[in-house]
Amino acid sequence: MPDVSPDIDLIRSRLLAWYDAHARSLPWRAAVGAPRTEPYRVWLSEVMLQQTTVPHATPYFHAFTTRWPTVSDLAAAEDAEVMGAWAGLGYYARARNLLACARAVAAEHGGVFPDTEAALLALPGVGAYTAAAVASIAFDRAANVVDGNVERVMARLFAVETPVPAARPELRRLAGLFVTDERPGDWAQALMDLGATVCRPKSPSCGTCPVASECLGLASGDPARFPMKAKKADRPHRRGIAYVLVDDQGRVAVETRPEKGLLGGMLGLPTSDWAIDERAAAALMEADWREAGAVEHVFTHFSLTLTVMTARIDGDDRYRWMPIEAARAALPTVFAKALDRASAPDLFG
């Protein structure tokens with residue numbers, strides 16, 4: 001590998017020219033040369049994209065911006081409406097933070113997002129990445145926007161040998177070398193596009209990369225080994241029971257989960273604790289319980305097996321009762337899986 005450093009100015013020039021010709025068309029992005037995207041749309045898309053892909057986030061973005069076209073509209077929405085619309089995007093704390101931020105912008109800033117990174121960072125639920133992304137993309141401020149795509153590009157350009165996550169401060173520093181007052185919003189999006197379409201996690205398309213000549217990772221002969229990865233700890237496994245109660249009108253019992261904790265504030269099925277062996281759990285109530293099998297779900301920090309127990313009862317004031325199809329549409333994925341398992345043919349006779 002040559003003992004040289006990548007040419008910062010050359011990389012900037014080539015990558016911006018590539019972006020002008022190859023920028024992705026995204027529903028939350030203004031075309032190259034067009035007026036900048038409205039800050040609400042930038043902020044909403046960045047929050048949605050933090051833990052999911054563009055294809056998965058796109059229909060949610062369209063649904064949100066159709067239903068709540070401005071940040072003030074979102075701020076006025078009921079919590080349950082937003083939580084239901086968010087179902088399937090995961091990390092439901094982000095939905096609660098989304099509402100908190102929207103309400104702060106509406107109440108404290110007259111429905112107008114502040115235009116500096118520092119002021120954006122002061123909003124509830126807005127972290128360093130989102131503040132930098134909105135400042136750069138919506139307001140063309142010089143901000144160091146570093147996501148996973150940018151980390152990967154930097155790790156390969158500079159052949160960073162330190163594994164992530166320990167390498168992240170260095171990768172951020174390297175990304176900061178490229179930040180200037182010249183087209184900072186386009187620069188941030190160009191880096192993201194390069195990482196998403198060319199400098200991919202697996203099988204990078206180095207033959208089409210506009211900055212391949214400056215890439216020390218490519219010069220090493222094995223660019224795909226960057227960024228180096230630390231050995232992952234084993235993901236713990238938990239078990240529990242999901243209870244599917246159906247009344248004589250064919251409605252299913254749901255409840256609002258506690259605000260704090262996993263899936264906080266979301267609708268859910270009644271469940272046992274998820275840290276125990278499901279066979280040790282006491283029955284939810286006296287009923288003619290039937291076992292409908294089990295479902296598997298993987299969260300970021302643990303995997304889960306939920307045994308699905310079903311019963312018909314006359315009703316219970318502790319729960320909210322919803323038609324099964326409406327419940328399936330409103331529940332987070334893990335509970336929708338359990339409801340699907342319980343809805344097997346002839347289960348309730």
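All values below were derived from every heavy atom in this structure, side-chain atoms included, with hydrogens, water molecules and symmetry-related copies excluded. What you see is a predicted model, and the numbers here were worked out from it, not measured in a lab.
- Side chains of V146 and M154 form no contact here, defined as non-hydrogen atoms less than 4.5 Å apart.
- Residues in residues 94-112 take part in these side chain to side chain donor-acceptor pair (under 3.5 Å) pairs, two or more places apart or across chains: D79-R103.
- Formation of a donor-acceptor pair under 3.5 Å by the S13 side chain with backbone atoms of D9 is not found in this model.
- The OH atom of Y243 sits 8.0 Å away from atom OG1 of T271, with the distance rounded to the nearest 0.5 Å.
- Annotation: R24, atom CZ; neighbour count of heavy atoms from other residues, nucleotides and ligands within 6.0 Å is above 12.
- For the pair F64 and L44, the minimum side-chain heavy-atom distance is below 4.5 Å.
- Annotation: the span from M192 atom CE to L26 atom CG amounts to 10.5 Å, rounded to 0.5 Å.
- P124 and C101 make their closest contact through O-CB, 3.3 Å (heavy atoms, listed as atom of the first residue, atom of the second, distance).
- If you check the side chains of S213 and R14, you find a donor sitting under 3.5 Å from an acceptor.
- Considering H237, R235, E296, H297 as possible partners of S303, the one that fulfils the side chain to side chain donor-acceptor pair (under 3.5 Å) test is H237.
- Judged by distance alone, with hydrogens and angles left aside, the side-chain atoms of T310 form a donor-acceptor pair with the main-chain N or O of R290 at under 3.5 Å.
- In this structure, T208 contributes its side chain and S205 its backbone to a donor-acceptor pair below 3.5 Å.
- If you take CZ on F178 and CG on L191, they are separated by 7.5 Å, rounding to the nearest 0.5 Å.
- Note that R12 lies in the cation-pi zone of W187, set by a 6.0 Å cut-off to the ring centre and a 45° limit from the axis.
- Scanning all heavy atoms of the two residues, the minimum distance from A132 to E117 falls at CB-OE2, 3.5 Å.
- Annotation: side chain of V252 is not in contact with side chain of L245 (no heavy-atom distance under 4.5 Å).
- Under a 3.5 Å cut-off, the side chain of W86 and the backbone N or O of L98 do not form any donor-acceptor pair.
- Between C199 and N149 the shortest side-chain heavy-atom distance does not fall below 4.5 Å.
- The main-chain N or O of D317 is never found under 3.5 Å from a side-chain atom of W321 such that the two would form a donor-acceptor pair.
- Between T70 and E38, the side chains place no donor N or O within less than 3.5 Å of an acceptor N or O (distance only, hydrogens not considered).
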Between V160 and F226, does a side chain to side chain contact (heavy atoms under 4.5 Å, CB included) hold up when you go through it step by step? CA-CA 7 Å; V160 175; F226 301 100; 5.5 Å; no

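- Once rounded to the nearest 0.5 Å, the distance linking NE2 of H22 with CG of L15 reads 11.0 Å.
- In this structure, H301 contributes its side chain and P236 its backbone to no donor-acceptor pair below 3.5 Å.
- The shortest side-chain heavy-atom distance between V211 and L194 falls under the 4.5 Å cut-off.
- More than 12 heavy-atom neighbours from other residues, nucleotides or ligands sit within 6.0 angstrom of CG on D222.
- Closest of all the heavy-atom pairs between V308 and A342 is CG1-CB, 3.9 Å.
- Residues K229 and P163 have side chains not in contact (no heavy-atom distance under 4.5 Å, counting atoms from C-beta outward).
- No salt bridge links R312 with D248; every basic N to acidic carboxylate O contact stays at or beyond 4.0 Å.
- Minimum heavy-atom separation, L263 to F335: CD1-CE1, 3.7 Å.
- A distance-only check finds no donor-acceptor pair linking the side chain of R67 to the backbone of H62 [under 3.5 Å].
- Applying the side chain to side chain donor-acceptor pair (under 3.5 Å) test to pairs two or more places apart or on separate chains, those with a residue in residues 249-263 are D247-R251.
- Between E46 and I137, some side-chain heavy-atom pair lies under the 4.5 Å cut-off.
- Remark: the backbone N or O of T116 is not paired with any side-chain donor or acceptor of R141 at under 3.5 angstrom.
- Across all their heavy atoms, G88 and T333 have their closest contact at CA-OG1, 3.9 Å.
- The pair R341-E291 does not meet the salt-bridge criterion, since no charged nitrogen lies less than 4.0 angstrom from a carboxylate oxygen.
- Residues Q189 and Y19 have side chains in contact (heavy-atom distance under 4.5 Å, counting atoms from C-beta outward).
- A distance-only check finds a donor-acceptor pair linking the side chain of N144 to the backbone of R172 [under 3.5 Å].
- Here R183 pairs with D20 in a salt bridge; the nearest charged N to carboxylate O distance falls below 4.0 Å.
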Pair Y60-T52, side chain to side chain contact (heavy atoms under 4.5 Å, CB included): steps then yes or no: CA-CA 11 Å; Y60 286 90; T52 191; over 6 Å; no

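- Taking CG from D288 and CD from E286, the interatomic distance works out to 11.0 Å, rounded to the nearest 0.5 Å.
- Shortest non-hydrogen contact noted between A159 and G217 is CB-N, 4.0 Å.
- Checked by atom type and distance alone, the side chain of T305 never pairs as donor or acceptor with a backbone atom of R239 at under 3.5 Å.
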